[in-house]
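Single-structure report; data block below.
The sequence lines fix the lettering, A, B, ..., with proteins before strands; numbering per chain opens at 1. All figures in this text were calculated on a predicted structure; none of them were measured in a lab.
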Amino acid sequence: MASISSVRGFKDILPGETPRWHHVEERARKVFSSFGVNEIRIPILEKTELFKRGIGEATDIVEKEMYTFLDRGGEYLTLRPEATASVIRAYLEHHLYAEEPLSKLYTIGPMFRRERPQKGRFRQFHQINVEFLGQDDPRIDSELIFMLIHLLHTVGLTDLSLEINSLGCPECRPAFRKVLTSFLEDKANTLCEDCRRRLSANPLRIFDCKQKGCQEAITEAPCILDHICDECGRHFKEVQKNLNLLNTSFTINRKMVRGLDYYTRTAFEVTTNALGAQNAVTGGGRYDGLTKLLGGPDIPGIGFAIGVERLISLIPEEEAATLHPDVFLAALGSEARDFCYRLSNTLRLAGLKTEMDFSDKSLKSQMKRAHKLGCRFTLIIGEKEMKEKKAQLRNMEGGEQREISLASFSDLAACFKRLIQSPS
RNA sequence: GUGGGUGUAGCUCAGUUGGUAAGAGUGCCGGGUUGUGGCCCCGGAGGUCGAGGGUUCGAAUCCCUUCACUCACCCCA
């Protein structure tokens, strides 16, 4: 029988990697609690309609990357390709906007997009999502970005660059779009095939294209920053002022546009050069029209998504500590093994990380095992020790060994706790 | 969806113009110490050379097909 492998683009997170995941998630939760951001847990499956409306019918995600299927009830369901639409859905469905003027929410979990996998891109990947809903004060934007940068520093990242831009609003973007389209139409023959298609579908996206001809066409193209309305311009200036106030350095990337339809005004991205072609660790922006689009009242919002796999691949090795057992019990003879079997599980109840070997192996091989596991102490109990109610306690770091009395289990647990806490 | 690269031991890889080369290192198990880890030495287990077909007296090696992995494009976290 051929063995079954995992689904393409779906990765196992192995025991050697989970400490890094814990590290990231724990730090994130701690930072969020300082900033008053509360966790919300949302389903992985939603009605397909939610993403079609929320993300945009014409986006690549909706057009060709969603895992969608027909449920037995005759309804189309989709494995979520992103979290924001779901969070907004929950926010509206449970009327959270009626409870507080500002809801600060985070969620951590898997997303699904059926893309071709490559470095830093998977079909199931994980995101840390944060959404601030209820207000459009530019101080909200800057605080969210400030928190994001703080979080990235906290998990150990350096050498990041923050880029921001403003994408305008429904008042000013359509006008800019016309200006841009008419400018690019003259250069259509220098654009790549994809961008010629974008010309009518979503001309802003041409800014993202890496093709030479398109890049050249874009360098002289009008910038959205020069065409946003006064209100958007003031908002963007305030965001910058506040970032400076919070000592958060940034660069303005006049060509940054984001791929999802719902973004308005502030857009931002954090990139690194250590990730290959998929260099965005995190990205986000304001989406003031989204709640209305999803059938709710008109409530402004802003959020970001961190790619956890990409983030973890950037964490320095030493940040992810591995867990070594405190003590290994090496038993010789069946009587000693029974004794150690009871003792090991008693010590564990007392909170000591304890290991032993059940097979009838030589002391030498048990010692090797203890060493391999990185145990700090080994307690050696053989037939002789059982008779004399004593045991050999060996410190695996220095190798010194002494005899201790096999008193009650609780005494032993207390003894080990003292030893473990003492500096080596 | 499109292109490039790679598939040999658990892992990292070597295999000379097709001709006793199925190999190394590492890891695993055991021994050198009848009850003591690390360093060293010795031994052992482990592979239908991704799969299928073809050429040939003979294929890990050449050809075709297929699958997987990987990188890049598209797009995004």
Side-chain angles (χ1 to χ4, degrees), chain A residues 2-9 11 16 55-56 58-65 81-84 108-130 148 152 192-195 197-198 202 205 208-211 214 256-260 263 268-272 275-284 303-314 328 330-333 336 357 359 361-386 391-401:
Chain A
S3 59
I4 298 172
S5 61
S6 64
V7 177
R8 179 189 192 81
K11 302 291 180 189
I55 300 172
T59 57
D60 278 19
I61 291 178
V62 172
E63 260 178 18
K64 52 192 190 196
E65 294 175 359
E82 59 119 46
T84 302
I108 302 176
M111 308 297 155
F112 305 85
R113 292 182 200 172
R114 202 182 181 293
E115 299 177 274
R116 193 80 173 260
Q118 69 185 73
K119 188 180 181 67
R121 188 163 70 196
F122 316 96
R123 290 182 171 185
Q124 178 181 154
F125 61 101
H126 296 75
Q127 287 187 338
I128 297 173
N129 277 263
V130 173
L148 169 61
L152 297 178
C192 71
E193 205 178 312
D194 286 325
C195 286
R197 197 160 31 77
R198 288 183 186 124
N202 191 349
R205 208 75 76 66
D208 267 340
C209 189
K210 291 170 191 165
Q211 300 287 332
C214 307
M256 181 175 63
V257 294
R258 311 236 60 230
L260 282 53
Y263 285 116
F268 55 93
E269 250 175 40
V270 177
T271 56
T272 166
L275 273 178
Q278 310 306 319
N279 62 352
V281 187
T282 169
F304 63 76
I306 302 175
V308 181
E309 283 84 355
R310 291 182 187 178
L311 176 61
I312 280 174
S313 72
L314 296 172
F328 190 92
L332 292 160
D357 193 313
S359 56
K361 282 186 175 168
S362 68
L363 180 58
K364 174 176 177 159
S365 94
Q366 294 189 60
M367 294 296 289
K368 277 190 179 175
R369 177 96 185 122
H371 177 78
K372 176 97 194 284
L373 290 172
C375 299
R376 241 180 108 185
F377 294 96
T378 298
L379 193 66
I380 302 163
I381 304 179
E383 287 160 16
K384 196 170 62 187
E385 285 79 7
M386 287 305 292
Q392 305 295 326
L393 176 66
R394 186 178 180 86
N395 183 329
M396 298 299 279
E397 279 158 46
E400 56 290 355
Q401 189 166 311

**Item:** Heavy-atom side-chain proximity of Ile61(A) to Glu82(A) below 4.5 angstrom
**Value:** no
**Request:** Identify which nucleotide among A77(B), U36(B), C74(B) has an atom closest to any side-chain atom of Ala280(A), counting heavy atoms from C-beta outward.
**Result:** A77(B)
**Rounded distance (Å) that lies between atom C1' of A77(B) and atom CG of Asn129(A)** = 9 Å
**Asked** Base, sugar-phosphate alone, or nothing: which one does Val308(A) contact when heavy atoms must sit under 4.0 Å apart?
**Response** nothing
**Complete:** Sequence neighbours excluded, the answer for salt bridge (charged side-chain N to carboxylate O under 4.0 Å, His left out) partners of Glu269(A) is Arg258(A)
**Pairing pattern in dot-bracket form [Watson-Crick, G-U; both distances under 3.5 Å; | = partner strand] for RNA chain B** = (((((((..((((.....[...)))).(((((.......))))).....(((((..]....))))))))))))....
**Message:** Just to verify, what does Ser5(A) make a side chain to side chain contact (heavy atoms under 4.5 Å, CB included) with, not counting sequence neighbours?
**Reply:** none
**Asked** Got a sec, which residues hit side chain to side chain contact (heavy atoms under 4.5 Å, CB included) with Leu332(A), two or more places apart in sequence or on another chain?
**Response** Leu363(A), Gln366(A)
**Prompt:** Residues in side chain to side chain donor-acceptor pair (under 3.5 Å) with Thr271(A), at least two apart?
**Reply:** Ser161(A)
**Item:** Side chain to side chain, Val257(A) and Tyr263(A), heavy atoms closer than 4.5 Å
**Value:** no
**Request:** Give the B/S/- string for nucleotides 37-48 of chain B, one per nucleotide from 5' to 3', where a protein heavy atom under 4.0 Å of the base yields B, of only the sugar-phosphate yields S, and otherwise -.
**Result:** BB----------
**Request:** Indicate, yes or no, whether a donor-acceptor pair under 3.5 Å links the base of U36(B) to the side chain of Gln366(A).
**Result:** no
**Message:** Just to be sure I understand the rule, does Phe122(A) reach a base, reach only the sugar-phosphate, or reach nothing, if contact means heavy atoms closer than 4.0 Å?
**Reply:** base
**Request:** Check the distance between G35(B)'s P and Glu383(A)'s CD and give it to me in whole angstrom.
**Result:** 9 Å
**Asked** A9(B) and G23(B): how far apart are their C1' atoms, nearest whole angstrom?
**Response** 10 Å
**Request:** Indicate, with a heavy-atom threshold strictly under 4.0 Å, whether Glu309(A) touches base, sugar-phosphate, or nothing.
**Result:** nothing
**Request:** Look at the side-chain N and O atoms of Lys361(A) and state whether any lies under 4.0 Å from the OP1 or OP2 oxygen of C28(B).
**Result:** no
**Message:** Can you tell me which nucleotide in U36(B), A77(B), A72(B) comes closest to the side chain of Gln118(A)?
**Reply:** A72(B)
**Request:** Check whether any side-chain heavy atom of Val270(A) lies under 4.5 Å from a side-chain heavy atom of Phe304(A), and answer yes or no.
**Result:** no
**Asked** Taking only residues two or more places apart in sequence or in another chain, which ones pass side chain to side chain donor-acceptor pair (under 3.5 Å) with Glu383(A)?
**Response** none
**A72(B) to G15(B) separation - P atoms, rounded to the nearest Å** = 26 Å
**Asked** Which part of the nucleic acid, if any, lies within reach of Glu385(A) when heavy atoms closer than 4.0 Å are counted: base, sugar-phosphate only, or nothing?
**Response** base
Close N/O contacts between protein and nucleotides 1-8 of chain B (under 3.5 Å):
unit_1 : atom_1 : unit_2    : atom_2 : d
U2(B)  : O4     : Arg116(A) : NH1    : 2.4

**Prompt:** Think Arg205(A) has a side-chain N or O under 4.0 angstrom from the OP1 or OP2 of C74(B)?
**Reply:** no
**Whole-Å distance separating the CD1 atom of Ile306(A) from the P atom of A77(B)** = 12 Å
**Request:** Report the residue (Gly284(A) or Lys119(A)) whose heavy-atom-nearest nucleotide on RNA chain B is the more 5′ of the two.
**Result:** Lys119(A)
**Asked** Taking only residues two or more places apart in sequence or in another chain, which ones pass side chain to side chain donor-acceptor pair (under 3.5 Å) with Asn279(A)?
**Response** none
**Request:** Just jot down the side chain to side chain donor-acceptor pair (under 3.5 Å) partners of Gln401(A), sequence neighbours excluded, or say none.
**Result:** Arg394(A)
**Message:** Please compare Leu332(A) and Lys64(A) by the position of their nearest nucleotide in RNA chain B and report the one closer to 5'.
**Reply:** Leu332(A)
**Asked** Residues in salt bridge (charged side-chain N to carboxylate O under 4.0 Å, His left out) with Lys364(A), at least two apart?
**Response** none
**Message:** Suppose you measure atom C1' in A60(B) against the same atom in U16(B); what distance do you get, rounded to whole Å?
**Reply:** 14 Å
**Message:** From OH of Tyr263(A) over to P of C76(B), roughly how many Å is that when rounded to an integer?
**Reply:** 10 Å
Can you give me every donor-acceptor pair (side chain of residues 122-130 of chain A, partner residue at least two apart or in another chain, under 3.5 Å) with its distance?
unit_1    : atom_1 : unit_2    : atom_2 : d
Arg123(A) : NE     : Glu115(A) : O      : 2.7
Arg123(A) : NH2    : Glu115(A) : O      : 3.3
His126(A) : ND1    : Glu309(A) : OE2    : 2.8
Gln127(A) : OE1    : Asn129(A) : ND2    : 3.2

